[in-house]
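This is a predicted model, so every value here is computed, not measured. Both backbone and side-chain heavy atoms feed into the values below; hydrogens, waters and symmetry mates do not.
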Amino acid sequence: MERTAAGLISRAAHELGLRADELTAEVEQRLRHELPALWEDPDVARTAAENVVEHVVAALAGLEHAVAPDLIELPSADVERARVLARHGTPLSAMLRAFRLAEEIVLDRLFAELPRLSQDAEQVSAAARQLNVVSTKYVDRVSEQGVRAFQAERDRRLRWRSAMVNEASMCIGTTLDIARTTQELADFATEQFADLVTVDLLDTVLRGQDTAGQTPLTLRRMAQGPDADAGGLQPPVRPQQLHVCPEGSACAEALSSGRPSRQQHGRASGVQRAHSTLVVPLRARGTTLGVAEFHRYGTAKPYDDEDLLLAQEIAVRAAVAVDNARHYTHARATALTLQRSLLPREAPRQSAVDVAYRYLPAGSESGVGGDWYDVIPLSGARVALVVGDVVGHGIRAAATMGRLRTAVRTLADIDLPPDELLTHLDDVVLRLANEASSDPDTGPEADVGRDNGATCLYAVYDPVARRCTLSRAGHVPPVVVVRDGTADVLELPPGPPLGRGGLPFETMEVDLPEGTLIALCTDGLIEARTPARATGEDPSAPTGAASDPTPDIDAGLATLRQVLARPAPSLEAACDSVLEALLPSRPDDDVALLLARTRSLGADRVATWELEADPAVVARARSDVSRKLTDWGLEELAFVAELVVSELVTNAIRYGRPPIRLRLIHDRSLLCEVSDAGSTTPHLRRARVFDEGGRGLLLVAQLAGQWGTRHARRGKTVWAELSETAEFPALAFE
């Protein structure tokens, strides 16, 4: 019979140690019942079982040999097992609860052994008290060590998760492209913590709506990773394909509730080989955009709560990037639609020039800008070539561009000289700026007219005189290429940008032989980084204009000259060559390019007569016109042309000043022009019954398809256009 409590404890521990297998099995069974979460993951279950065995053995050995509780040697793998539990996301409370349950079971068995080994109640009581003290100290010691290891691992995991989230923030959302942003999410996740990732967005969201729509939900596969067949793990849906999210599926639950989930054995999306899946909704600013699924297969450990939390944090950042890209895409599409609707869809019919043109919206995040071009037929077989640029980007810049283009067309219709047209356009820009500044809902980006609010180049080419009159308002000068291949930049007077107000514009006149190429463009073309292929330089060269990313207008114009000097089979091909040589794949600014090759109307298609200021010349003028029309094969227009010429010449003699000139131009239609040195503009009015005059212009207006007046530096020209196919109304006067 043992005489001390320590001896009794030693014998009880020895006896119980002989049945250690039975004891550990009982402890494990109790833990499975009380803490089932510890046995869901095979790794965690194995770790918990090993802990039970080794701690029971260590504790019984210490009791048997009367080792102080603070000196009992703990299992060598105890710290690492605590770390394993932390890595698997096991709650710390579960680990501590397991220690206490094991202690309770072992103490119960020891307490049951004590009365069987000793009949001395006092000794048994003392041994029981001592067992309580020793077991408490041992479990406290084990718990403290486990908590330190557990917390250290959790801190490490927290730092790792924070680093992953920070890295994801830098890798995801580098552009405002939806497809690229979702692919960046898929690529990042497959590199860090997933074997396969799929990213699906709601089709309604992609079409601009903020609601999911009716069930079953329709999704579009935007991205997946890895790109290659991951060991036969590829899902049945391919990128850019539409598919339905089945009702009741984990995907549908995530989209409807906004809550993520963990799935096992490929139940999430039909990826059967995946043994663990995270289904995480993509939500931003209160809108559900879609869902991302992260799969693991093979020997990879199943996802835990830490992985789910990491996936959530990354998904939140990705969703914001996708939402930004979505709003940018919709705004850019709207602005681009507006921009294209305001640009000419096709060149108007005219004989002065052959034209080709290009408009390219900015490929950068700045969005669509306010570049425009136009080809405007004018009287006298002339044509106006226009290129302009509104500072800024987005819908407001596109709308401003449309207003300026309309203003240019309106001013061109009254045949203003280029410098006067730009003066009036300058007033328009100032008025738009004042309207924008007085609008309380207008942001700073809409302040058109300040800080070079717009630029414009306006050129008028006359195919009869083979002369071009140009004026520019702070715009890029044009390049002219003659038939021998010589390319030069026309050094026009610069003129201030539109919106400055009060500063004059100047014109320049140049004679252009037939076949001359005129190139008008916006600064987005020549300020772009010039690719090396444009000049034939070595792309790897560290210096040089071809590789210098700094915008250089002179270098851009030089490259433009080189490209245009090369023979091209057509103007369309020349446009393509220019864009290929001067533009990067994604230009930072809008680009407008207008190429025009001049044509001429020879003397055989133009007839001119100088007339005296004598009413007697009217009859002779009618006869001259009739003979010329017969020479041109336009006899069917002779009667109408004689009437129109008679009225125009009579008005010039009566109300104008000499010299008086009559000119016929045989173009796509017959143009009749009468010029005089007077500045009085004729006006159409309805003559009363007893009025002796006032019917002449009314007659011209009824007979001509179009008519009008244009002013020169000295004098004016009244013109009328007659068409062979026109249907003339019956002439009736009150």
Side-chain angles (χ1 to χ4, degrees), residues 336 339-340 342-348 352-364 368-376 383-391 393 397-398 401 404-405 408 454-459 461 468 470 472-481 487-490 492 512 516-531 533-535 551-598:
L336 185 57
Q339 173 85 326
R340 293 196 182 280
L342 296 173
L343 290 172
R345 298 190 177 183
E346 59 181 19
V353 293
D354 296 321
V355 296
Y357 42 83
R358 295 289 188 275
Y359 169 74
L360 277 73
S364 65
V368 177
D371 292 16
W372 90 92
Y373 61 88
D374 211 343
V375 179
I376 308 172
V383 66
L385 306 174
V386 192
V387 169
D389 184 3
V390 175
V391 171
H393 296 85
M401 177 277 293
L404 294 186
R405 177 172 176 252
V408 170
T455 64
C456 184
L457 172 61
Y458 186 83
Y461 174 68
C468 190
L470 309 94
R472 64 173 175 143
H475 200 80
V476 178
V479 172
V480 172
V481 185
D488 292 306
V489 177
L490 286 183
L492 305 181
L512 300 178
T516 300
L517 179 65
I518 310 173
L520 291 75
C521 66
T522 55
D523 57 5
L525 178 67
I526 60 174
E527 287 186 352
R529 178 174 177 173
T530 307
R533 63 177 180 272
T535 58
D552 187 340
I553 292 180
D554 292 336
L557 285 173
T559 303
L560 179 60
R561 289 173 52 199
Q562 293 176 21
V563 177
L564 292 176
R566 303 169 190 164
S570 66
L571 289 180
E572 296 292 335
C575 281
D576 294 337
S577 298
V578 168
L579 298 182
E580 181 181 2
L582 284 164
L583 289 185
S585 58
R586 293 175 62 85
D588 294 330
D589 196 5
D590 284 35
V591 171
L593 172 65
L594 175 60
L595 299 184
R597 191 178 302 280
T598 62

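- The nearest pair of heavy atoms linking R472 to L457 is CB-CD1, 3.7 Å.
- A donor-acceptor contact shorter than 3.5 Å is absent between the side chain of R358 and the backbone of L579.
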For this session: Begin with the C-alpha distance, continue with both residues' side-chain angles, and end with the deciding distance and a verdict on side-chain hydrogen bond (donor to acceptor under 3.5 Å, both in side chains) for T522 and D389.
Result: CA-CA 7 Å; T522 55; D389 184 3; 5.3 Å; no
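- Counting heavy atoms from C-beta on, the side chains of P478 and L490 come closer than 4.5 Å.
- In terms of heavy-atom proximity, Y357 sits nearest to E346 at OH-CA, 3.1 Å.
- In this structure a side-chain-to-backbone donor-acceptor pair under 3.5 Å is missing from Y461 to L385.
- Of the listed residues (D371, D374, L594), just one forms a side chain to side chain contact (heavy atoms under 4.5 Å, CB included) with V387, and that residue is L594.
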For this session: Step by step, work out the side chain to side chain contact (heavy atoms under 4.5 Å, CB included) result for V383 and V375.
Result: CA-CA 7 Å; V383 66; V375 179; 3.6 Å; yes
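- Contact record, V479 with R561: CG1-CG, 3.9 Å, taken as the closest heavy-atom pair.
- Minimum heavy-atom separation, A454 to L404: CB-CD1, 3.9 Å.
- Atom CG in D590 sits 12.0 Å away from atom CG in L525 (nearest 0.5 Å).
- Annotation: the span from L557 atom CG to I526 atom CD1 amounts to 4.0 Å, rounded to 0.5 Å.
- When each of D354, V481, L564, L520 is checked for a side chain to side chain contact (heavy atoms under 4.5 Å, CB included) with L595, only L564 meets the rule.
- Checked options V563, L593, V591, T559; the residue passing with L582 is T559 (criterion: side chain to side chain contact (heavy atoms under 4.5 Å, CB included)).
- For the pair I518 and V353, the minimum side-chain heavy-atom distance is 4.5 Å or more.
- Formation of a donor-acceptor pair under 3.5 Å by the H475 side chain with backbone atoms of C521 is found in this model.
- Here the shortest heavy-atom pairing between E572 and A356 reads OE2-CB, 3.5 Å.
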